[in-house]
Structure formats: structure tokens, C-alpha cells
Amino acid sequence: MSDYKIALYIRLSVNDKKVESNSIENQKLLLIKYTENMEMQNIKLLEFVDNGYSGTNFERPAMQELLELVKTHQVNCIIVKDFSRFGRNIIQTGYFLEQVFPLYHVRFISINENYDSDKSKNNTGGIPVTIQFLKNEYYSRDLSQKSKSAKYSKMEKGEYIQKNCCYGYKKENNTLKIDEPAANTVRLLFELALQGKSITQIAKELYHRKIAIPEVYKGRKRR
């Protein structure tokens with residue numbers, strides 16, 4: 001008798017790390033405990049973890065790996081802590097639950113919502129689950145909007161700077177300052193471009209003057 005393959009999918013975003021119950025360890029313990037009560041034989045557990053990824057889209061390494069196994073009929077069941085771990089986009093999540101998983105005969109279980117596709121006839125669980133979907137998606141949008149508002153507020157005060165500075169600037173006391181050596185190169189680039197020189201000609205000029213390209217310059221600055 002072949003193994004009944006259960007995929008335990010775990011996702012933790014940056015914001016989820018603030019909630020202890022959402023930790024990778026707690027999610028894993030919850031999922032494993034659930035499988036122990038399934039009263040099934042020949043179970044094989046497969047673990048998929050996306051650490052630091054948003055649930056607003058499905059472009060996550062472990063998720064993509066899991067979906068590939070689904071397409072090749074190598075997964076019988078997927079279990080998640082709640083729907084938000086799987087995805088926060090109601091349209092995309094509903095598509096997988098109502099179209100993709102039934103097509104490949106994959107059972108889907110969401111523990112917190114008490115949802116089991118085998119018992120729900122492969123629909124998304126009716127109005128209560130739909131409301132939960134909407135709450136998850138609204139949460140992501142609201143969080144994104146608050147994050148943007150905070151960034152704009154810092155920008156107006158001259159405090160916000162992105163993770164990586166643009167070439168020509170440097171980080172100093174939580175503000176952007178002009179990095180003179182790089183800034184001189186930027187000015188030279190504009191000057192050569194205004195003279196009508198092509199990209200190839202500009203590259204040759206920089207090489208002739210022994211000016212490091214931005215990637216090399218930044219690498220030297222980090223040393």
C-alpha cells in the first residue's frame with residue numbers, strides 16, 4: 001500500500017513574527033499534532049516552510065515547490081494552521097481550493113477554520129469562511145497602507161531612506177547624504193551623455209579613467 005502523503009505548509013511573514021502562535025515551531029507542532037489524530041495508516045509527512053514571505057501572492061519558494069508536487073500527483077493532502085498561512089488573496093486562494101486541488105484530488109485542511117475539503121465538498125466553506133478570507137485580505141491591504149503612510153511621513157521629515165541607497169548617496173545618521181566620489185561619477189555620466197556619447201563610449205571613458213562601476217564601488221565601501 002502506497003503512502004498517504006500529507007504536506008504541512010507553514011508560512012511566516014515579517015509581521016507575523018510579532019505573534020508567538022504564528023512562529024514556525026508552533027505552527028509545525030500544531031500541524032503534526034493534527035495528523036496524529038487523523039487515525040490513518042502509512043502517512044508520510046512533507047514539510048514546506050516559507051519564512052519571511054507575504055501571503056498576498058503565491059510567488060514563494062516552498063509554495064511553488066508544493067504546487068509542483070501537486071501537479072505531479074505527489075501530494076494527497078495539504079494542512080495549514082489557517083487560511084491566511086496559505087494565502088491572503090481571496091481570488092487566488094479560492095481558485096486553488098475550488099479548481100486546482102479538486103482537479104488533482106488533493107484534500108485541503110485548515111485547522112483554525114475547521115475546514116476540510118473532504119467534508120465541504122470542495123467548496124470554500126460557505127459564508128463564514130468567505131468572511132474570513134475577506135478579513136485576511138483586508139488585513140494585508142490595511143497593513144500595506146499603514147506601512148506606506150509611515151514611510152511617506154518619514155520621507156516628509158527627511159528621515160526615511162530605503163534599504164539600499166541609490167548610487168551617489170550614502171547613509172548617515174538615518175538620513176541620505178551625498179557621497180561625493182560617487183556623485184562626481186554621476187555628474188560625469190550626465191556630462192558625457194549630454195555630449196551625445198553612447199553607452200559603449202561612456203563605459204570606455206570610465207574604464208580609461210579607472211572609475212569603478214557602481215557594483216564594484218559599493219563592494220569596496222562595505223569592506
So, using side-chain hydrogen bond (donor to acceptor under 3.5 Å, both in side chains) as the criterion, who are the partners of [X] when residues are at least two apart?
{"X": "Gln74", "result": "Thr72"}
{"X": "Tyr9", "result": "Asp50, Arg60"}
{"X": "Lys28", "result": "Glu47"}
{"X": "Asn112", "result": "none"}

Quick one: are [X] and [Y] in side-chain contact, heavy atoms under 4.5 Å?
{"X": "Ser13", "Y": "Tyr53", "answer": "no"}
{"X": "Asp3", "Y": "Ile43", "answer": "no"}
{"X": "Val75", "Y": "Ile6", "answer": "no"}
{"X": "Leu8", "Y": "Leu46", "answer": "no"}
{"X": "Asn76", "Y": "Arg107", "answer": "no"}

Please state whether the rings of Phe101 and Phe108 are parallel, tilted or perpendicular, taking 30° and 60° as the class boundaries.
parallel

Return yes if a side-chain donor-acceptor contact under 3.5 Å exists between Ser54 and Thr56, otherwise no.
yes

Approximate separation, where rounding is to 0.5 Å, of [X] [atom1] and [Y] [atom2]:
{"X": "Lys5", "Y": "Leu69", "atom1": "NZ", "atom2": "CG", "answer": "8.0 Å"}
{"X": "Glu98", "Y": "Ser117", "atom1": "CD", "atom2": "OG", "answer": "11.5 Å"}
{"X": "Leu189", "Y": "Leu206", "atom1": "CG", "atom2": "CG", "answer": "5.5 Å"}
{"X": "Leu12", "Y": "Gln27", "atom1": "CG", "atom2": "CD", "answer": "6.5 Å"}
{"X": "Ser110", "Y": "Arg85", "atom1": "OG", "atom2": "CZ", "answer": "10.0 Å"}
{"X": "Phe48", "Y": "Met63", "atom1": "CZ", "atom2": "CE", "answer": "10.0 Å"}

With clusters defined by side-chain heavy atoms of hydrophobic residues (ILVMFWY) lying less than 4.5 Å apart, directly or transitively, does Leu29 cluster with Val80?
no

Kindly work out whether a path of hydrophobic side-chain contacts (I/L/V/M/F/W/Y, heavy atoms less than 4.5 Å apart) joins Ile10 to Ile32.
yes

Only counting residues at least two apart or in another chain, list the ones meeting salt bridge (charged side-chain N to carboxylate O under 4.0 Å, His left out) with [X].
{"X": "Glu205", "answer": "Arg209"}
{"X": "Glu39", "answer": "none"}
{"X": "Glu65", "answer": "none"}

With sequence neighbours excluded, tell me which residues meet side-chain contact (heavy atoms from CB on, under 4.5 Å) with [X].
{"X": "Glu25", "value": "Ser23"}
{"X": "Leu103", "value": "none"}
{"X": "Gln195", "value": "Glu191, Leu192, Lys197"}
{"X": "Tyr34", "value": "Met38, Ile79, Ile109, Ile111"}

Go through the steps to decide whether Phe86 and Phe58 satisfy the test side chain to side chain contact (heavy atoms under 4.5 Å, CB included), and finish with yes or no.
CA-CA 9 Å; Phe86 183 73; Phe58 287 81; 3.5 Å; yes

Could you tell me which non-hydrogen atom of Leu30 sits nearest to which non-hydrogen atom of Lys81, and how far apart they are?
CD2-CG, 3.6 Å

More than 12 non-hydrogen atoms from neighbouring residues, nucleotides or ligands closer than 6.0 Å to CZ on Phe96, yes or no?
yes

With sequence neighbours left out, the residues meeting ring pair (Phe, Tyr, Trp, His ring centres under 6.0 Å) with Tyr104 are His73

